[in-house]
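Single-structure report; data block below.
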Amino acid sequence: MTQRRQFLMNTAALAATAALPLGARAQGAPAIKVGVLHPVTGALAYSGNLSRLGAQIALDEINAAGGIKSMGGVKLAALLGDAQSKPEVGVAEVEKMNEQGASAIVGSYASAICLATTQAAAKYNIPHVVDVGVADQIVTRGLKNTFRFGPGYKITTEAAINNLHIMNTVARKPAKTVMIIHEESLFGTGTANLLASQLPGMGYEVKEIVKHANPTRDFNNIVLKMKSINPDIVIPANYYNEYALLLRTMKQQNVTPKAVFSVLGGAASSFKFVKEFADAANGVIDVNHWYNPKDKRAQALRKKVEAMPGQFYTYEVFLNYQCMYLLADAIERAKSSKREDIINALASSTWDKHFMPYGPTKFVNGQNTGAAPLTLQVLKGDIKVILPNTFAETEPVFPWKV
Amino acid sequence: MKSDEKAYPPPAMLDPAILFASVLNGLTTGAVYALIALGLTLIYGVLHIINFAHGAALMMALYGVYFLHEKLGLDPYVSLPIMVPAMFVAGYALYRGVIARASHGKDENILLITLGLSIMLENAALYFFKSDTLTIDTAYTLSTVNIFGAMIAVPKMVAFFGALATTAVLLLVIGKTSLGRAIRACAKERQGARLVGINVDHVFAMSFGIGLACLGAAACFLLPAYYVNPQVGNGFVLIAFTIVVLGGMGSFVGALIGGFLIGVVESVGGLLLGESLGQIGIFVIFIIVLLFRPQGLFGARA
Amino acid sequence: MRSLASIAVLVLAVGLLPLFVSSGVTLGFVTMVLYATLLGQAWNILGGFGGQFSFGHAVFFGTGAYAMAVLQMRFGLNAWAALPCAIALGGVAGTLLGALSFRYGLRGSYFALVTLAFAEVFRILANTFDFTGAGVGLQLPLQEGAAQLQFATETGYLYLALALATVSLLFAWWLKHSRYGAWLAAVRDNEDSAAALGVNAFRVKLVAITVSGALMAAGGAFYVQKFHYIDPHLAYGAPISVEALLSAIIGGMGTVFGPLLGAVVLHGLGELTRNSLSSTPGASLVIYGALLVLIIMFMPRGIAGLFEGKR
């Protein structure tokens with residue numbers, strides 16, 4: 001009797017082992033390695049670290065939810081890389097990730113670094129999901145491994161011009177003159193060139209284009225010029241520090257245009273800026289990467305990030321978060337950790353489980369064609385979507401009344 | 001104005017009110033530059049070294065002011081009597097503990113040491129304080145003073161007078177005290193100073209300490225109108241060097257006037273040539289001074 | 001002759017390396033070390049052998065880089081034709097800068113600062129004119145193939161860097177063994193007494209800065225071919241000037257192999273600290289900086305100084 005029972009128990013145990021859920025078995029299988037490459041030191045450290053944070057949150061969530069289910073719950077493992085804000089270091093990191101067996105790379109924030117890393121990854125056919133990198137050259141070079149989830153600066157600037165025109169037309173065209181203030185590198189200059197070439201055709205006079213260095217230590221001069229020109233609309237295209245200084249100086253000098261309307265504005269869609277400079281930020285409009293405000297997952301992530309000490313919910317965070325999910329979806333469908341398979345899965349991606357206002361993904365030449373920015377305005381200490389109407393949370397306040 | 005330029009819109013730079021405001025703004029910005037250059041010119045004048053860690057030291061001082069404000073609620077100007085001695089001690093210790101030991105008396109080594117130090121400090125700040133850009137909010141951050149129609153931010157006015165006061169104190173210390181006499185002796189002839197019994201290493205360390213103490217003051221005046229992050233110092237290093245050369249290496253009055261001059265050139269140049277190209281004025285002056293008057297405007301021929 | 005043999009061994013060893021090693025990391029590392037050697041040697045020729053410290057070698061690097069990109073993109077030149085032009089332009093930049101600053105007798109830190117200022121002026125100019133792509137920079141079109149001096153694999157770049165670095169090493173070797181090199185050393189040690197012995201100090205320094213500028217420009221041209229993108233900060237920014245002087249001084253100034261040793265140590269340290277501390281931003285560079293200070297503290301004559309005994 002006891003022998004028989006013992007036998008039964010043993011058989012049961014054996015059966016149980018054989019019937020182990022796939023997930024548990026996969027714990028023995030090697031994790032799929034994903035390169036997470038950002039400039040976490042050097043001049044771009046702030047954005048780089050936020051980017052890394054977003055990617056890591058997503059990766060942890062994916063693993064906590066059971067990993068890649070089509071492959072029996074195999075986990076994702078991050079290979080962290082630091083591009084040190086230099087393209088050549090980014091390339092060295094890609095080489096390293098290649099040899100560590102990265103199945104894919106997510107990164108690498110700045111346009112100049114993305115240009116270098118996507119190409120280095122192309123040598124080894126490593127799929128490279130571009131998180132931000134708004135320069136359009138990144139996706140126009142025919143690299144088959146490169147996929148940009150978000151919009152480039154051409155799409156963004158065009159959306160900005162259209163939305164500005166819509167707002168102005170609805171308000172019976174109070175704004176006629178424009179002053180553009182941009183930082184001197186790829187992003188600011190490219191944006192300013194596009195604006196300057198398209199705005200006159202829509203009936204706006206571009207009175208002045210001011211280019212400034214990074215860092216610019218003092219904005220009084222630019223604001224003095226602004227005072228004498230007295231433009232209806234001020235369009236800044238620069239990074240956080242300069243953006244913040246510019247708006248503070250405008251406040252000090254008491255310059256109040258009908259709108260501050262920025263494109264990919266360093267600070268206007270930053271909760272940090274809104275919190276620290278509530279006065280200067282009030283009323284500012286920005287066209288930027290943004291999530292669908294009606295999506296609960298976007299709000300849940302915001303809560304999660306804001307619960308972390310000293311962290312803010314920025315576009316770097318949620319874009320990288322979504323890029324990691326985009327990649328996980330591709331791996332899920334590819335049922336493989338092979339680079340070629342993941343590239344094919346990304347190329348045929350119709351992923352719609354994200355909270356960005358893009359619709360299902362569709363990549364043409366590596367660009368997600370549905371990607372588009374939203375137009376936001378700082379109102380009552382919060383950032384609200386004002387255009388396009390599908391996603392709008394509130395009406396734009398334009399022209400801004402002091 | 002060139003005749004072929006468009007007659008409209010009316011050229012903004014010719015408006016005297018704007019020009020006046022721009023000059024005033026240049027003076028107040030220049031005051032902050034002068035404060036940073038004062039420390040550098042002392043270190044350069046006495047030790048004949050190019051201190052690459054000057055920007056990193058300014059960054060540390062700015063963090064000091066920031067944390068005094070955030071943790072203890074101290075107003076940046078109230079922090080002056082804490083930051084100045086603290087930076088002095090840090091400078092003295094840094095010189096004695098690291099620079100003097102590691103340099104073996106070779107100038108190119110001191111250069112590399114300060115370079116290594118600046119890499120360390122910048123990244124230590126990144127490690128401990130994170131890469132965030134930090135600002136403080138004071139009651140007067142956004143206040144301005146109206147001077148004949150030109151709006152000047154209160155923190156910049158304070159910095160202007162702060163720079164004057166700091167220069168006066170430095171002139172007193174160097175001109176009237178026995179320490180000052182020793183510093184002057186070492187600056188002129190270090191072997192001779194050693195022979196007459198001056199502890200040269202101590203004097204060098206004191207000079208380095210005073211140089212950094214100036215940064216402590218500069219940080220207190222700068223932060224209310226600016227920000228701090230690990231890279232913040234880099235933006236000031238080159239401009240400070242320019243001022244030191246322009247004013248004459250080792251000359252405090254030169255640094256003060258050089259600071260004002262560079263501030264005004266930058267400001268008015270920016271107005272006339274555009275912000276980005278306007279910076280060229282600074283470096284063209286720099287090169288011309290180096291070529292034709294390397295002792296600077298106020299320096300004695302080395 | 002021993003150094004000449006060492007250079008031959010180095011060329012042979014690196015030349016055969018791709019036959020045995022296929023790791024992109026290793027080949028990439030060796031390529032970047034050779035590239036850093038080239039930059040370091042360019043600086044060393046003027047700074048180490050000639051005693052003229054420059055803080056603005058980026059001015060030559062950027063000139064080479066922009067010349068390479070502009071000649072191909074705006075004038076349709078083939079990369080192989082653009083390369084010697086870029087190098088020559090770097091040399092011309094060196095001659096001009098040298099003529100100006102040496103004519104006015106700038107020495108020591110004054111010379112260092114004037115080079116720094118020139119690099120800044122060029123950075124701002126490159127930032128301003130459409131000719132150089134202004135702030136947007138220039139993106140070299142991707143056309144892989146040896147005929148375009150672009151390579152699909154790391155090996156091609158390895159050989160290009162090896163060729164350029166070897167030229168720089170051979171020139172340094174020649175400096176050690178030629179009459180001109182002796183004049184340059186005399187000027188470095190004491191310009192006034194060299195002049196008293198009949199050495200034309202001005203001309204000697206001018207040759208040094210010309211060669212130095214040309215080699216540095218070769219580095220810039222290499223950078224553009226390898227990374228396909230250049231902007232004003234990458235070309236004329238302070239980091240590149242620092243990179244050049246670091247490997248030369250750490251390795252040992254005025255020695256043939258100093259820049260090579262310095263490049264190996266600096267890049268090795270950089271890789272090591274970056275790989276071991278990738279999850280804590282900043283920590284790796286703190287250690288890198290500290291090691292830099294320690295090296296200077298304990299090897300005041302550079303790494304090459306360890307091998308040479310007392311001078």
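In this text the structure is predicted, and so the values were computed from the model without any measurement. Heavy-atom basis, side chains included; hydrogens, waters and symmetry copies ignored. The sequence lines fix the lettering, A, B, ..., with proteins before strands; numbering per chain opens at 1.
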Is any residue of residues 255-267 of chain B within less than 4.5 Å of chain A by heavy atoms, and which ones?
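Listed by number, the contacting residues are B:Glu266, B:Ser267.
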Is the shortest side-chain heavy-atom distance between [X] and [Y] below 4.5 Å?
| X | Y | answer |
| --- | --- | --- |
| A:Arg248 | B:Thr141 | yes |
| A:Thr41 | B:Glu122 | no |
| B:Phe236 | A:Pro215 | no |

Salt bridge (Lys or Arg N to Asp or Glu O under 4.0 Å): which pairs involve residues 130-147 of chain B, sequence neighbours left out?
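Qualifying pairs, neighbours excluded: A:Lys272-B:Asp132.
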With no hydrogens and no angle check, do the side chains of A:Asn221 and B:Asn25 hold a donor and an acceptor under 3.5 Å apart?
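The answer is no; no qualifying pair exists.
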Would you say B:Tyr33 and A:Arg217 are linked by a side-chain donor-acceptor pair, where the criterion is simply a distance under 3.5 Å?
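Side chains of A:Arg217 and B:Tyr33: pair found under 3.5 Å.
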By a 4.5 Å heavy-atom criterion (distance strictly below it), what part of [X] contacts chain B: side chain, backbone, both, or neither?
| X | result |
| --- | --- |
| A:Lys211 | both |
| A:Val223 | neither |
| A:Thr216 | backbone |

Would you find more than 12 non-hydrogen atoms of other residues, nucleotides or ligands less than 6.0 Å from A:Phe271 atom CZ?
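Correct, the count exceeds 12.
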Who pairs with A:Lys304 by salt bridge (Lys or Arg N to Asp or Glu O under 4.0 Å), at least two apart in sequence or on another chain?
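Listed in chain order: A:Glu61.
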Closer than 3.5 angstrom, by distance alone: can the side chain of A:Gln253 be matched with the main-chain N or O of B:Met151 as a donor-acceptor pair?
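Yes; at least one donor-acceptor contact below 3.5 Å.
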Of the backbone (N, CA, C, O) and the side chain (C-beta and beyond), which part of [X] lies under 4.5 Å from a heavy atom of chain A, both, or neither?
| X | answer |
| --- | --- |
| B:Val268 | backbone |
| B:Ala225 | backbone |
| B:Tyr226 | both |

Once you round to the nearest 0.5 Å, how far does [atom1] of [X] lie from [atom2] of [Y]?
| X | Y | atom1 | atom2 | result |
| --- | --- | --- | --- | --- |
| A:Tyr240 | B:Asn229 | OH | CG | 11.0 Å |
| B:Thr135 | A:Leu245 | OG1 | CG | 9.5 Å |
| B:Leu271 | A:Lys225 | CG | NZ | 5.5 Å |

Check step by step if side-chain contact (heavy atoms from CB on, under 4.5 Å) holds for A:Gln252 and B:Ile152.
CA-CA 8 Å; A:Gln252 284 168 345; B:Ile152 301 296; over 6 Å; no
Option in A:Asn214, A:Leu224, A:Asn220, A:Asn241 with maximal non-hydrogen atom pairs under 4.5 Å from chain B
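Heavy-atom pairs under 4.5 Å are most numerous for A:Asn241.
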Any pair counted as ring pair (Phe, Tyr, Trp, His ring centres under 6.0 Å), so long as it reaches residues 251-270 of chain A, sequence neighbours left out:
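Non-adjacent pairs meeting ring pair (Phe, Tyr, Trp, His ring centres under 6.0 Å): zero.
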Do you know which of B:Thr144, B:Ile239, B:Leu142, B:Thr29 has the most heavy-atom pairs under 4.5 Å to chain A?
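Greatest number of close heavy-atom pairs with chain A: B:Leu142.
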